[in-house]
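Have a look at the structure below before the remarks.
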There are 2 protein chains.
Amino acid sequence: MSLTPVRGAATIEEVAARAGVSRSTVSRVVNGSTAVSPSALESVRRAIEELQYVPNRAARSLASRQTRAIALVIPEDTDRFFGDPFFGSIVAGISQVIGESDYVMNMLIATDDASAKALGYLRGGSVDGAIVASHHTSDTFVDRLADTVPVIFGGRPARVRPADHYVDVDNVQGGRDATRYLVDRGHRRIATVAGPSDMPAGIDRLQGFRDVLAEAGLEPVAVEDGDFTEAGGADAMRRILASGDLPEALFVASDLMARGAYTALREQGHEPGRDIAIIGFDDSAVATSLVPALTTVRQPSRDQGRQMATMLLDVLAGRATANTAILPTEIIERGSA
Amino acid sequence: MSLTPVRGAATIEEVAARAGVSRSTVSRVVNGSTAVSPSALESVRRAIEELQYVPNRAARSLASRQTRAIALVIPEDTDRFFGDPFFGSIVAGISQVIGESDYVMNMLIATDDASAKALGYLRGGSVDGAIVASHHTSDTFVDRLADTVPVIFGGRPARVRPADHYVDVDNVQGGRDATRYLVDRGHRRIATVAGPSDMPAGIDRLQGFRDVLAEAGLEPVAVEDGDFTEAGGADAMRRILASGDLPEALFVASDLMARGAYTALREQGHEPGRDIAIIGFDDSAVATSLVPALTTVRQPSRDQGRQMATMLLDVLAGRATANTAILPTEIIERGSA
DNA sequence: CTGAAAGCGCTAACAC
DNA sequence: GTGTTAGCGCTTTCAG
């Protein structure tokens with residue numbers, strides 16, 4: 001069963017010779033052109049099989065001016081990227097769609113690769129397009145990137161320009177729903193641990209929170225930035241508690257921060273779900289690993305990833321596609337609120 | 001609809017013309033050859049700057065027969081990969097070293113990209129080398145990969161062959177230390193939640209556990225496979241508890257599984273650290289997020305990643321390098337044992 | 001339907 | 001030191 005290893009890989013020339021046709025014909029069958037006679041097709045196929053021919057990527061790129069590669073740009077540091085299951089879901093979705101295509105995915109964790117290098121790479125014609133998985137208002141290099149190759153943003157870009165492509169979840173509505181859920185259950189003294197104010201997702205969820213509270217004639221008890229990290233969530237919760245009294249209810253803008261909030265609450269002897277109602281955002285694995293399990297706003301991250309990848313593939317193929325997609329959220333009721 | 005067209009990037013030819021030299025000279029300065037006169041060097045540099053010249057990667061690869069890209073192969077599904085902070089650390093280390101080199105890193109999550117496609121990619125001359133981040137005995141495709149390009153394994157490969165390169169931590173010794181820690185504190189009825197038996201890391205840690213127990217004249221109370229996942233750890237703990245009585249102490253072969261064990265323990269009303277001593281393995285962020293914080297065996301994963309990347313770069317550069325490196329572990333004492 | 005020919009942008013001998 | 005000359009392996013007109 002062991003096939004000959006392809007050390008000095010076969011070239012298109014060798015395949016052509018073996019199949020008794022010209023390079024062009026081999027190229028046609030490799031690229032799925034229909035204009036090839038059945039007999040030629042057959043003999044080329046056999047030759048490819050026998051020689052274990054795999055087209056050389058560099059040569060192909062050079063001639064066709066396409067790389068068949070896309071970049072997945074993560075403008076986060078590695079710890080944050082791997083620390084939040086949200087990214088895992090997004091990447092899983094992207095990876096799935098790209099994996100089924102004939103593109104490969106280059107991951108650039110942009111703060112590790114010095115971003116200058118990353119940008120140089122992206123602009124050096126190494127990829128046909130890019131997906132930017134999260135976006136801070138401070139990421140200026142991302143903007144420049146979009147001038148070079150087609151880019152799909154995960155989440156509304158900080159500054160939306162007419163031609164921008166992005167897939168977002170309805171963060172404002174999600175924030176509204178979460179807050180309304182709390183209000184509807186009779187809570188009046190409501191606080192929030194928000195996402196960072198330099199990220200659209202953080203801004204939008206907070207917006208939804210404020211809107212509903214205002215509509216209900218309520219004032220937020222506290223608004224603290226938890227930076228979308230577990231430690232940040234814990235710190236934010238500590239700050240809220242430091243003010244003296246425990247809110248009745250809390251909207252935390254990500255499940256991971258909610259985990260931090262649980263910890264901080266318990267340090268002070270408060271039991272989440274009993275002493276204070278808590279609702280999160282994400283519905284990642286973190287939500288169910290918590291005790292009591294976290295009531296949360298589900299966002300379809302994996303699906304978001306899939307749609308971003310599909311959108312990019314559509315753009316690259318010149319297919320018609322919408323510039324943006326907004327995905328709905330949904331409340332998942334569990335024990336914490 | 002059309003996105004911004006890719007700007008026609010400057011070519012080496014244009015740079016040469018502008019600098020008033022030949023292509024070769026430009027190539028020499030781009031590639032850091034010393035055999036260039038100061039004046040030529042200067043004018044080429046300026047031309048590059050003015051034209052924003054970035055060498056075309058495909059052309060370069062084709063001519064030099066090098067891709068300046070390496071693959072990071074993850075033979076895990078996406079959920080597992082993103083679910084365990086261990087991978088985050090490894091990748092952070094790799095990413096750091098590769099990021100400082102002029103290589104780029106292609107991540108292949110091998111169960112998503114159908115592994116046939118991944119293998120074809122790797123054998124199609126798309127990368128100069130590969131790092132395989134974890135390894136199951138069932139991953140046969142990985143073996144075939146090593147016939148094609150230089151490969152560095154993370155952890156001892158399932159079947160070590162003489163020429164294999166790998167960087168591992170001393171899992172047997174780590175397992176020994178953890179178990180001895182428990183024994184030294186007077187515990188006699190000791191159980192373990194082990195890693196999967198198709199992974200060297202799981203096998204080795206269990207080995208260390210068994211060895212020390214045998215040396216102490218003790219029998220394991222229970223040995224359950226927790227599959228290196230949180231849910232698996234919880235299940236394994238439940239199985240141990242189902243037998244009726246609570247062990248005095250527990251060695252859990254990964255921090256993530258320990259989190260699951262905490263959950264399962266509390267379901268039955270047992271308090272980790274008080275009713276049962278627990279020691280983990282990893283010292284990832286999970287260890288400190290637990291309450292009580294997890295006493296654990298620290299493995300230098302980030303450093304492991306760094307060393308793997310460095311080793312690969314050495315091999316690719318033809319530098320002398322050891323084929324293997326074994327990193328030491330260290331016990332980190334916290335509240336759980 | 002098929003082959004010949006002309007590059008894609010760069011590196012790497014090999015002269016000078 | 002520097003330029004000239006061949007390709008690297010493939011795609012893509014353009015004839016036929």
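A, B, ... follow the sequence lines: proteins, then strands. Residue 1 opens every chain.
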- Task: Whole angstrom is fine here: how far is it from CZ in R57(B) over to P in dT11(C)?
- Result: 12 Å

- Item | R65(A) CZ - dG9(C) C1' separation (whole Å) | 9 Å

- Query: For S61(B) and dC10(C), is the shortest distance between a side-chain N/O and OP1 or OP2 below 4.0 Å?
  - Reply: no

- Task: Ignoring hydrogens and angles, state whether a donor on the side chain of S61(A) or Q66(A) is under 3.5 Å from an acceptor on the partner side chain.
- Result: no

- How about D314(B) and T310(B): does a side-chain donor come under 3.5 Å of a side-chain acceptor? no

- Query: If you find the nucleotide of DNA chain D closest to R60(A) and the one closest to L62(B), which residue's nucleotide is nearer the 5' end?
  - Reply: L62(B)

- Query: Taking the nucleotide of DNA chain D with the closest heavy atom to each, which residue, L41(B) or A59(A), is nearer the 5' end?
  - Reply: L41(B)

- Item | Minimum-distance nucleotide to S22(A) side chain [options: dC8(C), dT2(C), dG3(C)] | dG3(C)

- Task: Check step by step if salt bridge (Lys or Arg N to Asp or Glu O under 4.0 Å) holds for R45(A) and E49(A).
- Result: CA-CA 6 Å; R45(A) 285 234 171 98; E49(A) 174 64 27; over 6 Å; no

- DNA chain D-proximal residues of residues 25-35 of chain A, any heavy atom under 4.0 Å: S27(A), N31(A)

- Name the first nucleotide and the last nucleotide along DNA chain D (5' to 3') that come under 4.0 Å of a heavy atom in chain B. dG1(D) to dG9(D)

Tabulate protein N/O versus nucleotide N/O from nucleotides 5-7 of chain C, keeping only pairs under 3.5 Å, one per line.
residue, atom, partner, partner atom, Å
dA6(C), N6, R23(A), NH2, 3.1

- Message: Based on the rotation axes of five pairs at each end, what angle does the helix from dC1(C)-dG16(D) to dC16(C)-dG1(D) bend through, to 10°?
- Response: 30°

- Message: Restricting to ring-ring contact (aromatic ring centres under 6.0 Å, His included), what partner residues turn up for F86(B), sequence neighbours left out?
- Response: none

- side-chain hydrogen bond (donor to acceptor under 3.5 Å, both in side chains) filter on R306(B), not counting sequence neighbours, yields Q96(B), D303(B)

